[in-house]
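Here is the structure we will look at.
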Amino acid sequence: MPKPPQAAPLTRVAPHDEAMVEAVIDWFVAEARDLPWRRADCTPWGVLVSEIMLQQTPVARVEPVWREWMLRWPTPAALAESTQADAVRAWGRLGYPRRAQRLWECARVIVERHGGDVPGADPDLGEAELLALPGIGDYTAAAVRAFAFGERAVVLDTNIRRVIGRAWHGQALPAAHLTKRERDFAAALVPEVATEAVAWSAGSMELGALVCTARVARCEECPLATECVWLAAGKPGLEEAPKRTQAWHGSDRQVRGRVLAVLREASAPVNVTGLAVLEDVEPGQLDRCIGSLVDDRLIALVDEQKGAYALG
DNA sequence: AATTCGGGGTC
DNA sequence: GACCCAGAATT
């Protein structure tokens, strides 16, 4: 293995750790899914769109929507020339429609500020330029730098956090909040050579998605099985789960979704408050949800006379 | 640091 | 039914 350049990493990684990282990379080369946004002909825009869609949404649900989206809006400029309403409508049932709104805004900013090219390739400014875009946070900025531009970046999503937590620390599930300590440890594991760094990021993410899954880990298939601290300890900590899930049925979140679903399907403005499909919703809650959707600029009152709303 | 923000597959 | 998913933005 070639020696990395003089620039030493902040934290030295033991040969043992390097071997584990390489094991994940080798596994990924053999087992990676053939996803469209991983193909060599996928543009940075395609990668960016996939990353936004994949925020809190599984691959299986994203893939068909991503394909349609890329056929319709193959470039940031194409999306920027369309309307937010079209973007939200094409988003379909992926959830968190504010992502569609931000992606549309993101396309406009890319056109205005970056001449229509997705930023992020610059080794110095890339990170900051991406973080400045709507809907792009720490994870997505790093992911675009790595997967769209092949740069070394510290990609840290829920999958990678779980893999590192288990294999290196023996923890079943990552903590609710990312600490500097955890980030520093993850950063130290990222290989210095960019191509390997990208392979590690994609590979550890894929390992978390396919093998080292949250509920039932398939350790017999894992390339880290012989080294995994968590497996050696007998896979403790999965039973405890005082996470307190947020109620869904009847929540504002659900009602907002139902209102938006009506307006997505409609070809003309709709008086939402008089709708049969929303009869079971308390008037107060319905008004509150409509109000918050208006505040978010996801919908707008377009016919005051009729009290009719449409997608913003 | 805690909340809010969708929706559906899976166990 | 509870849980989980390539998180981000706001307070």
Side-chain angles (χ1 to χ4, degrees), chain A residues 28 32-33 35-38 46-66 88 91-103 105-106 130-148 153-164 172-180 186 198 200-210 212-218 238-264 288-289 292-293 295-299:
Chain A
F28 181 63
R33 288 172 291 181
L35 302 173
W37 47 84
R38 282 183 182 159
V47 173
L48 172 51
V49 171
S50 79
E51 292 300 342
I52 302 288
M53 289 185 173
L54 286 163
Q55 290 168 2
Q56 299 289 284
T57 307
V59 166
R61 291 178 53 202
V62 164
E63 191 165 347
V65 180
W66 182 89
V88 171
W91 195 254
R93 305 175 144 278
L94 281 184
Y96 292 143
R98 293 201 287 202
R99 291 183 296 166
Q101 176 184 43
R102 287 172 183 147
L103 183 50
E105 292 172 352
C106 183
L130 285 166
L131 284 172
L133 297 175
I136 296 190
D138 287 337
Y139 162 76
T140 306
V144 170
R145 279 184 53 72
F147 306 141
V154 181
V155 182
L156 208 48
D157 79 320
T158 186
N159 288 306
I160 299 178
R161 293 184 65 204
R162 187 172 56 248
V163 168
I164 294 175
L173 297 170
H177 299 291
L178 185 61
T179 62
K180 182 181 189 315
V198 173
W200 156 250
S201 296
S204 53
M205 200 178 307
E206 187 82 333
L207 188 64
L210 298 182
C212 192
T213 50
R215 305 237 210 126
V216 189
R218 320 169 94 179
L238 274 189
E239 58 286 346
E240 55 168 291
K243 275 204 152 181
R244 261 233 185 265
T245 178
Q246 305 162 351
W248 168 247
H249 186 75
S251 65
D252 279 8
R253 227 142 133 181
Q254 185 192 31
V255 172
R256 279 170 55 107
R258 290 175 63 188
V259 170
L260 210 56
V262 168
L263 298 181
R264 267 203 317 264
R288 182 173 68 246
C289 289
S292 74
L293 286 168
D295 288 344
D296 289 345
R297 298 176 174 274
L298 280 167
I299 70 174

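Small disclaimer: the values here were computed from a predicted structure and weren't measured. Lettering follows sequence order; numbering is per chain, from 1.
- Counting only heavy atoms from C-beta outward, the side chains of Ile52(A) and Ile136(A) approach each other to under 4.5 Å.
- In this structure, Thr158(A) OG1 and Met205(A) CE are separated by 10.5 Å, a value rounded to the nearest 0.5 Å.
- Here the C1' atom of nucleotide dG7(C) and the CZ atom of Arg161(A) are 11 Å apart, to the nearest Å.
- A distance of 9.0 Å separates CD in Glu51(A) from CH2 in Trp37(A), rounded to the nearest 0.5 Å.
- Listed nucleotides dC11(B), dA6(C), dC5(C) differ in distance to Val216(A); the shortest reach to its side chain belongs to dC11(B).
- Among the protein residues, Gly137(A) comes within range of the sugar-phosphate backbone only, with heavy atoms under 4.0 Å from sugar or phosphate atoms but none that close to a base.
- The stretch residues 54-63 of chain A comes close to DNA chain C through Leu54(A), Gln55(A), Gln56(A), Pro58(A), each having a heavy atom under 4.0 Å from the strand.
- Atom CH2 of Trp200(A) is separated from atom P of dA6(C) by 16 Å (rounded to the nearest Å).
- In this structure, of dG6(B), dC4(C), dA1(B), it is dA1(B) that holds the atom nearest to the side chain of His177(A).
- Rounded to whole Å, the distance from CD1 on Ile160(A) to P on dA6(C) is 11 Å.
- In this structure, the separation between CG on Leu298(A) and CG on Leu263(A) is 10.5 Å, given to the nearest 0.5 Å.
- Contact annotation: Thr213(A) side-chain N/O to dC4(C) OP1/OP2 distance is not under 4.0 Å.
- A sub-4.0 Å separation between OP1 or OP2 of dG6(B) and a side-chain N or O of Arg256(A) is present.
- Looking at heavy-atom distances under 4.0 Å, Ala214(A) makes contact with sugar-phosphate atoms alone, never a base.
- For the pair Leu298(A) CG and dA8(C) P, the interatomic distance rounds to 18 Å; values are reported in whole Å.
- Residue-level contact check: Trp91(A) touches neither bases nor backbone, having no heavy atom under 4.0 Å from any strand.
- Between Arg38(A) and Glu206(A), at least one side-chain N (NZ, or NE/NH1/NH2) sits under 4.0 Å from a carboxylate O, which counts as a salt bridge.
- Taking atom CH2 of residue Trp248(A) and atom P of nucleotide dC4(C), one finds them 17 Å apart after rounding to whole Å.
- The distance between atom NE2 of His249(A) and atom P of dG6(B), rounded to the nearest whole Å, is 17 Å.
- As judged by a 4.0 angstrom heavy-atom cut-off over every strand, Ile136(A) is placed among residues touching the sugar-phosphate backbone only.
- A straight line from OH of Tyr96(A) to C1' of dA9(C) spans 12 Å, rounded to a whole angstrom.
- Screening Arg99(A), Arg256(A), Arg102(A) against Asp296(A) for a salt bridge (Lys or Arg N to Asp or Glu O under 4.0 Å) leaves a single residue, Arg256(A).
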Inset, instruction - Before giving the answer on side-chain contact (heavy atoms from CB on, under 4.5 Å), spell out for Val59(A) and Leu54(A) the whole-Å C-alpha distance, their side-chain angles and the decisive distance to 0.1 Å. - result: CA-CA 7 Å; Val59(A) 166; Leu54(A) 286 163; 3.8 Å; yes
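- Residues Ser50(A) and Gly135(A) both approach DNA chain C. Their nearest nucleotides, taken by heavy-atom distance, put Ser50(A) toward the 5′ side.
- Counting heavy atoms from C-beta outward, Val49(A) and Trp66(A) have side chains that approach closer than 4.5 Å.
- Residue contacts shown for Asp138(A) are limited to sugar-phosphate atoms, with no base heavy atom under 4.0 Å away.
- In this structure, Arg258(A) places its CZ atom 16 Å from P of dC5(B), rounding to the nearest Å.
- If you find the closest nucleotide of DNA chain C to Arg215(A) and to Glu51(A), the one lying nearer the 5' end belongs to Arg215(A).
- The side chain of Arg102(A) has dA9(C) as its nearest neighbour among dA9(C), dA6(C), dG6(B).
- Between dT11(C) and dG6(B), the distance separating the two P atoms is 16 Å to the nearest Å.
- Comparing the same atom, C1', in dT10(C) and in dG7(B) gives a spacing of 22 Å after rounding to whole Å.
- On the P atoms, dC11(B) is 14 Å away from dA6(C), given to the nearest whole Å.
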Legend entry - Stepwise side-chain contact (heavy atoms from CB on, under 4.5 Å) test for Leu207(A) and Phe28(A): CA-CA 8 Å; Leu207(A) 188 64; Phe28(A) 181 63; over 6 Å; no
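- DNA chain B is contacted by both Arg93(A) and Arg98(A); Arg98(A) maps to the nucleotide lying nearer its 5′ end (nearest heavy atom per residue).
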